[in-house]
Amino acid sequence: MWKNAADYSINKYYIKMDNFITQLKQEIIDVLNLEDVKPEDIDNNAPLFGEGLGLDSIDALEIIVLMEKNYGIKVKDPAQGKELFQSIKRLAEYIAENRTK
Amino acid sequence: MVYINAIRQISAQKPLTDEWFDSPIYYNEPYIRAIDPDFKQYLAPNESRRTGKILKRALITSREACKDTVPEAIITGTGLGCIENTEIFLDSMSRYGEELLPPTQFMQSTHNTVSSLVAIDIKCNSYNITFAHKGISFECALQNAFIISNKKHNVTVLVGAHDEMTPVYFNLLKRTGYLGNTNQVFAGEAAVSMLLSTKKENSSMCRIDNIEKYYSTGRNFHLDSSDYKIDAVMTGINGTEDNDRVYYENCNRWFPGVPMLRYKHLFGESYTAPAFGVYTSAICLAKQLIPEFIKLHSKVNNTKPINSILCYNHFENKNHTFILLSTCYE
Amino acid sequence: MDKIVISGMGIISAIGNNCMETLDALKASKSGIDTIHYLNTSHTEFPVGEVKLTNEEMISMLGLTASSVSTRTSLMGMIAVREAIETAGIYNINQRCSIISGTTVGGMDKSEQYYLEFLENDLHKEYIKTHDCGACTEMIADYFGFFSQVDTISTACSSAANAILLGAKFLQSGKTDVAVAGGAECITRFHLNGFNTLRILDCQHCRPFDNTRAGLNLGEGAAYIVMETEKHFLERTALTPPESQRKIYAYLSGAANTCDAFHQTASSPDGKGAYMAMKNALHNAGLHPSNVDYINAHGTGTANNDLSEGYAIEKLFGNNIPPVSSTKAFTGHTTSAAGGIEAVISILSMNNSLIPVNLNFKEKMPELSFKPVTEYSSNDIHLEHVLSNSFGFGGNDTTLIFSHHKRS
């Protein structure tokens with residue numbers, strides 16, 4: 001019984017997280033004007049910069065503005081962003097944990 | 001000697017072709033945005049996603065004018081630069097304060113964004129400069145190109161004239177009396193890229209013999225019109241009395257009897273519109289034809305060869321510019 | 001080809017309202033950077049190098065009427081041009097005289113003040129017309145009323161350097177007899193915020209070439225030099241009385257403009273554009289790297305610029321790097337005016353046998369072999385050739401080389 005309940009809540013967490021990742025992908029696509037890119041084209045575990053989407057430092061700044069605007073998260077040091085941008089999954093988890101709105 | 005070897009434009013006429021010369025489009029509205037080509041045909045998604053209209057047009061016209069040539073210099077004239085991005089940033093700052101402003105719009109707001117983006121695109125590490133001086137921005141750029149290439153061997157220069165016009169900025173400039181007056185030609189946008197070379201090619205449209213600029217506030221300038229043996233004057237007549245009177249008076253004084261031509265009724269008014277005067281004149285010289293729709297008086301005869309056309313532009317009767325173009329066919 | 005002489009100069013910045021005050025600050029190693037005092041902004045956390053005058057004070061210094069339409073950039077421009085043409089003695093000269101001015105923000109100070117009103121009413125519509133860069137140059141030109149040709153260059157932070165380069169081209173091609181060239185730029189909320197979105201402003205005083213550098217401080221000001229061919233200068237001054245003390249301040253012996261063509265705002269990691277600008281300018285001057293006695297670096301204090309420029313200097317000068325300093329810790333980064341301000345600072349240094357120190361430097365960058373100049377000295381210094389760098393967004397890189405007027 002106990003085991004099943006935990007399974008259920010973990011499962012719920014993953015469904016919620018999946019939905020949030022998709023939402024975040026769409027927000028990034030919109031703010032960066034990534035024409036012709038759909039949320040499902042972005043690999044959850046692939047780095048956002050360099051290879052993959054081919055984003056650059058200006059895109060990073062745009063995502064930092066997005067994080068503050070939509071989720072109330074202030075990234076003071078752009079170097080901190082580097083760690084967060086290792087994948088969309090990492091970014092989504094960080095936002096979920098630290099969002100203030 | 002400097003030759004114009006290619007010109008590509010995006011404007012209120014059919015883009016990236018000279019076909020409009022056979023059947024131009026006429027407009028009655030006060031403000032017309034350029035007819036854009038299908039950007040997707042020319043730019044990859046990654047190339048266009050951060051670039052506003054002025055930049056997309058500059059990239060496309062520059063590529064089409066240069067083809068495989070990497071020029072020795074890229075020189076751009078723009079009156080207002082990337083005004084759309086400037087406006088977005090300014091509007092956002094004015095309404096919502098000094099937080100959460102968009103970095104891309106700032107980065108793409110400076111005037112030299114156009115020239116430098118073209119340089120990145122065609123991988124040109126040499127001379128790169130941008131002139132932003134109201135209604136003579138293009139002539140400043142062309143004069144610089146002429147100075148650095150005249151009397152040299154094998155120099156090619158890309159000269160651009162780029163201005164976009166947003167609805168908001170049109171309304172602002174209308175209130176200053178620059179655009180949108182009764183009887184005035186429409187407010188337009190300009191994207192013209194010209195490849196100049198000291199080497200004459202089969203594609204050469206005409207030759208640039210000279211370019212002079214005069215600033216007349218506080219000191220009257222004197223034009224020695226006997227220097228100019230010309231068949232026609234291409235003017236910036238735009239339908240407003242204050243502007244047009246200057247052309248009539250000065251042309252009568254300096255070039256009595258020489259036919260006057262116009263182009264702004266086809267391309268509209270903008271800070272870099274004079275580039276269309278050079279463009280239209282270059283086609284006339286290349287085709288040896290002055291079509292009726294650019295003549296101010298229909299009685300101009302078409303019999304003699306057209307050897308040279310002087311492009312005369314003034315801005316608010318303060319700046320006066322003269323570009324002498326000649327046929328390059330002997 | 002005829003040599004280009006500099007026969008007059010004028011400057012206004014955070015460290016002084018004229019050449020004399022600027023020289024005093026350089027000698028005293030006194031920075032003009034301070035907390036924000038004149039600009040109306042919520043970002044008071046950023047130190048800036050402001051000109052220590054209100055617009056009203058400048059209007060009165062210039063004898064303009066209080067109601068006259070002006071922008072902060074144009075007012076600073078008028079003050080600096082006035083000093084330049086007075087020192088050169090070309091006021092109302094009866095010859096072709098060209099003004100070439102660099103600016104990027106132009107009349108943005110008024111536009112950002114009145115933007116929402118522009119949209120709704122006509123109360124300040126005269127300032128719609130002063131928004132663009134060309135308007136700024138014309139306001140300056142019209143104040144003096146004798147310029148017969150005007151040009152405005154906008155290549156971001158290398159604008160004024162390119163204006164000077166163009167002035168030389170005009171003179172060499174015979175397009176003008178005298179060229180007044182430089183640049184003007186006031187600090188605006190627009191570009192303070194713009195630089196902030198790019199995260200390149202330091203909340204502390206900027207530290208060019210320091211390992212702990214964390215960005216730039218914005219500055220403002222204007223500086224112009226009067227240029228003419230040596231032949232023209234000698235003929236013109238032969239007619240003036242000796243007590244007028246017209247003199248050659250320096251020669252502009254070389255200049256080059258290149259494009260990094262790497263990124264819209266960042267410099268290439270190896271400083272390709274910077275390297276080529278310096279190399280081509282030396283070639284243009286007919287000089288070798290070993291002839292350079294001092295480099296007035298662009299040195300903004302951003303992580304990217306100083307490393308990229310440092311690499312370019314190392315590549316060109318090898319093991320014989322001359323003294324290097326950035327004067328941006330004195331004036332702040334005066335953006336479009338920087339090339340003019342640093343040209344005047346370079347010439348003042350040359351004529352007064354001094355090398356301005358690179359203020360706030362403590363820790364050497366491990367990536368670079370050299371340290372900038374940190375000790376002020378005016379003993380045994382003779383600067384024959386000074387190289388001044390100005391690099392702008394979009395990779396618009398320009399180098400100017402000034403040479404001592406007593407050079408044979």
Side-chain angles (χ1 to χ4, degrees), chain B residues 74 78-81 86 89-91 93-95 97-99 101-103 106-113 115-117 119-120 123-137 140 143-144 147-148 150 168 171-173 175-176 178 213-219 221 271 318-319, chain C residues 41-43 103-104 106 108 111-112 115-116 118-119 122 125 128-129 132-135 137-138 141-142 144-156 162 166 169-170 173 175 189-191 193-198 257-265 272-273 276 392-396:
Chain B
I74 298 175
T78 175
L80 292 169
T86 303
F89 198 86
L90 191 54
D91 194 83
M93 192 174 77
S94 302
R95 287 180 203 279
E98 298 176 73
E99 296 294 336
L101 294 166
F106 176 70
M107 184 181 83
Q108 309 279 46
S109 73
T110 56
H111 300 69
N112 66 328
T113 309
S115 245
S116 60
L117 196 67
I120 292 169
K123 298 179 180 59
C124 177
N125 286 107
S126 43
Y127 194 82
N128 188 299
I129 201 164
T130 301
F131 290 85
H133 197 103
K134 291 188 174 279
I136 61 161
S137 301
C140 292
Q143 186 184 44
N144 190 198
I147 288 171
I148 64 173
N150 194 26
V168 169
N171 278 316
L172 295 190
L173 289 178
R175 302 228 307 274
T176 68
Y178 170 52
K213 319 198 308 286
Y214 299 93
Y215 190 64
S216 65
T217 297
R219 177 182 292 182
F221 72 96
Y271 283 129
K318 276 172 103 177
N319 286 289
Chain C
T41 173
S42 60
H43 286 297
T103 191
T104 301
M108 183 60 87
S111 297
E112 66 190 20
Y115 183 71
L116 294 178
F118 284 171
L119 300 177
D122 279 347
K125 75 169 186 180
I128 297 174
K129 273 195 144 179
D132 65 281
C133 300
T137 310
E138 292 194 1
D142 294 351
F144 300 99
F146 65 90
F147 289 104
S148 53
Q149 197 177 186
V150 290
D151 279 82
T152 307
I153 288 174
S154 188
T155 57
N162 279 325
L166 185 71
K169 287 192 193 298
F170 277 169
S173 63
K175 285 283 178 198
R189 221 157 54 221
F190 185 91
H191 71 292
N193 277 282
F195 279 69
N196 189 31
T197 66
L198 301 179
N257 159 317
T258 64
C259 187
D260 203 31
F262 172 73
H263 186 269
Q264 284 292 289
T265 52
K272 184 182 184 185
M276 289 192 314
F393 274 3
N396 280 147

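By convention in this document, chain letters (A, B, ...) are assigned in the order of the sequence lines, proteins followed by strands, and residues within each chain are numbered from 1. Quantities reported herein were computed from a predicted structural model and do not represent experimental measurements.
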Turns out that what part of I153(C) lies under 4.5 Å from chain B's heavy atoms comes down to both
In terms of heavy-atom pairs under 4.5 Å with chain B, the winner among H191(C), E138(C), K129(C), H43(C) is E138(C)
The reported gap from CD in Q108(B) to CZ in F393(C) (rounded to nearest 0.5 angstrom) is 11.0 Å
Whatever's closer than 4.5 Å to a heavy atom in chain B on T41(C) counts as both
Residue from L173(B), I147(B), N319(B), V168(B) scoring the most non-hydrogen pairs under 4.5 Å with chain C is I147(B)
Per-residue tally against chain C (heavy atom, under 4.5 Å) across L172(B), T110(B), L117(B) peaks at L172(B)
Sorted by chain and number, sequence neighbours left out, salt bridge (charged side-chain N to carboxylate O under 4.0 Å, His left out) with D151(C) holds for K213(B)
Checked A119(B), S94(B), G81(B) vs chain C; the most non-hydrogen pairs under 4.5 Å come from S94(B)
Heaviest contributor of heavy-atom pairs below 4.5 Å to chain C, chosen from Y178(B), Y214(B), F89(B), is F89(B)
Residues, nucleotides or ligands: over 12 heavy atoms within 6.0 Å of K272(C) NZ
no
Note: vs chain B, highest number of non-hydrogen pairs under 4.5 angstrom among T137(C), T104(C), D260(C), L116(C) is L116(C)
Checked N144(B), T86(B), L80(B), D91(B) vs chain C; the most non-hydrogen pairs under 4.5 Å come from D91(B)
Applying a strict 4.5 Å limit to non-hydrogen atoms, the region of F195(C) in contact with chain B is both
One should read off an interatomic distance between L101(B) CG and L198(C) CG, to the nearest 0.5 angstrom, of 11.0 Å
Assert top hit (heavy-atom pairs under 4.5 Å, partner chain B, pool M108(C), K175(C), E112(C)) equals K175(C)
Scored by heavy-atom pairs under 4.5 Å with chain C, the best of L90(B), N125(B), I120(B) is N125(B)
Taken to the nearest 0.5 Å, the spacing of T197(C) OG1 from E98(B) CD works out to 12.0 Å
dist R95(B):CZ -> L119(C):CG (nearest 0.5 Å) comes out at 6.0 Å
Per-residue tally against chain B (heavy atom, under 4.5 Å) across N162(C), V150(C), D122(C) peaks at V150(C)
Across all chains, not counting sequence neighbours, the salt bridge (charged side-chain N to carboxylate O under 4.0 Å, His left out) partners of K169(C) are none
When the 4.5 angstrom heavy-atom criterion is applied to F262(C) and chain B, the contacting part is backbone
Per-residue tally against chain B (heavy atom, under 4.5 Å) across S111(C), G273(C), G194(C), G395(C) peaks at G194(C)
To the nearest 0.5 Å, atom OG of S137(B) lies from atom CG of D132(C) at 8.0 Å
Heavy-atom closest pair (S154(C) atom, A132(B) atom, distance to 0.1 Å) is CB-CB, 4.1 Å
Of F118(C), F190(C), F144(C), the largest count of non-hydrogen pairs under 4.5 angstrom with chain B goes to F190(C)
To the nearest 0.5 Å, atom CG of N396(C) lies from atom OG of S115(B) at 7.0 Å
